[in-house]
Colleague: 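First the structure, then my questions, so here it is.
Both backbone and side-chain heavy atoms feed into the values below; hydrogens, waters and symmetry mates do not.
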Amino acid sequence: MTGTSSAGISGPAAVPRHTRPVNRWTVLIVLCVSLLLVALDATVLHVAVPAVSEDLRPGAIALLWIVDAYPLVAASLLILFGTLGDRVGRRRILLLGYTIFAAASAAAAFAPDPRVLIAARALLGVGGAMIMPATLSILRQVFPDRRERAVAIGVWSAVAAVGAAVGPVLGGFLVEHFWWGSVFLINIPLMAVILPVARWLLPESRGELDGPWDVLGAVMAALGILGAILGVKRIGGGAAPYEPSALVPLLVGLALLVLFVRRQRRREHPLIDIGMFVRPAFGTSVGCIVLALLALVGLELIAVQYLQLVLGLSPLQTGLRLLPLTLAAMGAGLLGSRMLGGFGPRAMVSSGFVLTACAVLVLTLMGQHDRPGVLTAGFVLLGFGLETTLFGAYESMLSDAPAEQAGGAAAIGETSYQLGAGLGIALLGSVMNAAYAPGVARVPGVPADAGASAGKSLGEAYEVSDHLGGSAGASLRHAARHAFVHGMHITLVVSAGLLLLGAVAALRLPRRMECGTAAQRPAAPGIPSPREHALAGADVSR
């Protein structure tokens, strides 16, 4: 195997550009800061959505694209850049991703209209698609021992929770004191610091380099994922499944994905080893990641609208209310390695799903009036349960994948993450809209066209009610609040059902966490194993 060459031996796999010893825990810190930037961008916009709506006046579909363009583009390109990093170097792709991310952040901050903002968010997705699989694949290579890797993944996931926690609070502060574009500007100084640090500290590593990189396969995968999700989004936006705008991209996307799978099975050196999905631990873990994110991200967007538009909280107050969720997720990430060793992947992931479903059902107790205790309890259970699920699924997926295919495995995991997030916004957003719109369609004294406009979103209903004024406006506002809470309850129940389905699926995971010694595991390309370091006279543990 090219990925198991020992220190000081030249081979097909690239050796690190750094000849000095590599401290893998220092590498983990750099990777975690990289992840923090991506996690911040994923959540910092949520509390700014009302401000963006007021300033740029996007329609309902455009608003969904503003939020969703980043995860959808990132999801479609993860396999492309994850496998490209295996060929040309993961560090090189990571550094290029930093540069693109910074440029896109500047474009998004000063976007004059919704289309420019959507394009900038899509470019952010390109940068994110370079950063995310690189961080995870480098982590997989630097920590070949499973017990150490479990600790590293726990820290890595806790940092992601920190980003999710800081994002809404920081975004709320910036929106209140500056303008919505400032939530993107914060990326630029962070990138200015991390780029030279990562260039100096991170080792370069590559995976198995036998055979050419399948450019056509990478493009097929990207277009297939993008087309499939685009079709789902069109349906989620109100288009009928048989309409060409929804049916054509959906069918084309699914066809390309089928062709991609067939192509990978025939190739001697595929981009992705499709056989990994047949293995229970890997395939089940990927499915669990999709289901967990599908349930969470759509709910988070709905929760932000509920806190601001129904309860009337400010953006900063909204961010603080979401803080218990992400703090609980941080705690679960830091405890993850111990829970995994004690309970095993099967019990950990399945119980995490059940706990998250219970948390979602607790949130159905929320109505048109504020109940801080119920909300905080629900968010704490939700954060802890979800992070428990994701930690166990990610660790099982990475550990089941061969070390030489770390880039492809990381890309699959992150694609699952982003795919679940995008589908969650589309699916749960569709459920929410379907339950909400009828409640404002026939309000006494409100014209039919005004009712139709109010049915697009709660924010638009408030604008229509202000325009109408009088008793008709008050009636519409009351009906819209009631309809939104009703739709939120239905969406929560649907989400709980998806989570319980994930708990059943997780029963296919291994019962116990199986660990071999570091010496028995494949060494990372360019990062010698502890045994090889001893033989070569080098030591990465100091």
Side-chain angles (χ1 to χ4, degrees), residues 14 16-18 26-45 69-111 116-139 141-142 156 159-160 163 167 170 181-207 213 215 218-219 222 226 407 410-411 414-415 417-418 526:
R17 294 178 180 274
H18 300 65
T26 303
V27 170
L28 176 63
I29 293 174
V30 177
L31 297 178
C32 286
V33 174
S34 305
L35 178 66
L36 179 64
L37 298 174
V38 179
L40 274 173
D41 195 76
T43 60
V44 75
L45 180 63
Y70 170 76
L72 292 185
V73 171
S76 65
L77 296 177
L78 284 166
I79 291 178
L80 188 154
F81 288 123
T83 55
L84 182 61
D86 284 342
R87 264 54 175 198
V88 304
R90 294 154 185 149
R91 171 176 167 271
R92 179 178 297 177
I93 293 296
L94 182 65
L95 297 178
L96 181 59
Y98 290 156
T99 305
I100 293 176
F101 206 81
S105 297
F110 300 103
V116 174
L117 182 55
I118 291 171
R121 290 278 291 169
L123 189 60
L124 279 169
V126 176
M130 294 179 171
I131 295 171
M132 286 185 287
T135 62
L136 202 56
S137 59
I138 292 173
L139 185 150
Q141 297 297 320
V142 173
W156 183 84
V159 168
L170 182 59
S182 60
V183 303
F184 297 107
L185 284 183
I186 60 174
N187 293 332
I188 298 176
L190 292 173
M191 286 293 177
V193 173
I194 193 63
L195 182 60
V197 172
R199 184 179 179 85
W200 172 251
L201 289 178
L202 291 184
E204 183 64 281
S205 68
R206 297 183 177 93
W213 184 56
V215 180
V219 173
L226 186 61
E414 293 298 335
T415 300
Y417 189 102
Q418 296 298 328

Colleague: Say you draw a straight line from CD1 of I100 to CG of L124; how long is it, rounded to the nearest 0.5 Å?
Modeller: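 If we round to the nearest 0.5 Å, I100:CD1 and L124:CG are 10.5 Å apart.
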Colleague: Any non-hydrogen side-chain atom of V116 less than 4.5 Å from a side-chain atom of F110?
Modeller: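 The answer is no, as the side chains (C-beta and beyond) never meet within the 4.5 Å cut-off.
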Colleague: How long is the gap from OG on S76 to CZ on F81, to the nearest 0.5 Å?
Modeller: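 Separation between the atoms: 9.0 Å.
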Colleague: For the residue pair G125 and V73, what are the closest heavy atoms and their distance?
Modeller: C-CG1, 4.1 Å
Colleague: At their closest point, which heavy atom of M191 faces which heavy atom of P196, and how far apart are they?
Modeller: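 So the minimum-distance heavy-atom pair works out to O-CD, 4.4 Å.
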Colleague: What's the shortest heavy-atom distance between G181 and A109, and which atoms?
Modeller: O-CB, 3.2 Å
Colleague: Give the minimum heavy-atom separation between L80 and A218, together with the two atoms involved.
Modeller: CG-CB, 3.9 Å
Colleague: Nearest 0.5 Å please: distance from the CG atom of L84 over to the CG atom of L77.
Modeller: 11.0 Å
Colleague: When rounded to the nearest 0.5 angstrom, what is the spacing between CG in L96 and CG in L195?
Modeller: 10.0 Å
Colleague: Quick check: closest heavy atoms across A104 and A120, and the distance to 0.1 Å?
Modeller: CB-O, 3.7 Å
Colleague: How far does CG of L31 sit from CD1 of I194, to the nearest 0.5 angstrom?
Modeller: 9.0 Å
Colleague: Checking L94 against M130 for the side-chain contact (heavy atoms from CB on, under 4.5 Å) test, could you report, in this order, the C-alpha distance in whole Å, the side-chain angles of both residues, the deciding distance, and whether it holds?
Modeller: CA-CA 6 Å; L94 182 65; M130 294 179 171; over 6 Å; no
Colleague: Run the side-chain contact (heavy atoms from CB on, under 4.5 Å) check on F101 and L123 step by step: do they pass?
Modeller: CA-CA 7 Å; F101 206 81; L123 189 60; over 6 Å; no
Colleague: Passes side-chain contact (heavy atoms from CB on, under 4.5 Å), F184 versus L117? Steps please.
Modeller: CA-CA 11 Å; F184 297 107; L117 182 55; 4.0 Å; yes
Colleague: Can you tell me if R91 uses its side chain to pair, donor with acceptor, with the backbone of R199 under 3.5 Å?
Modeller: yes
Colleague: Begin from the C-alpha positions of R121 and I118 and carry the test side-chain contact (heavy atoms from CB on, under 4.5 Å) through to its verdict.
Modeller: CA-CA 5 Å; R121 290 278 291 169; I118 291 171; 5.7 Å; no
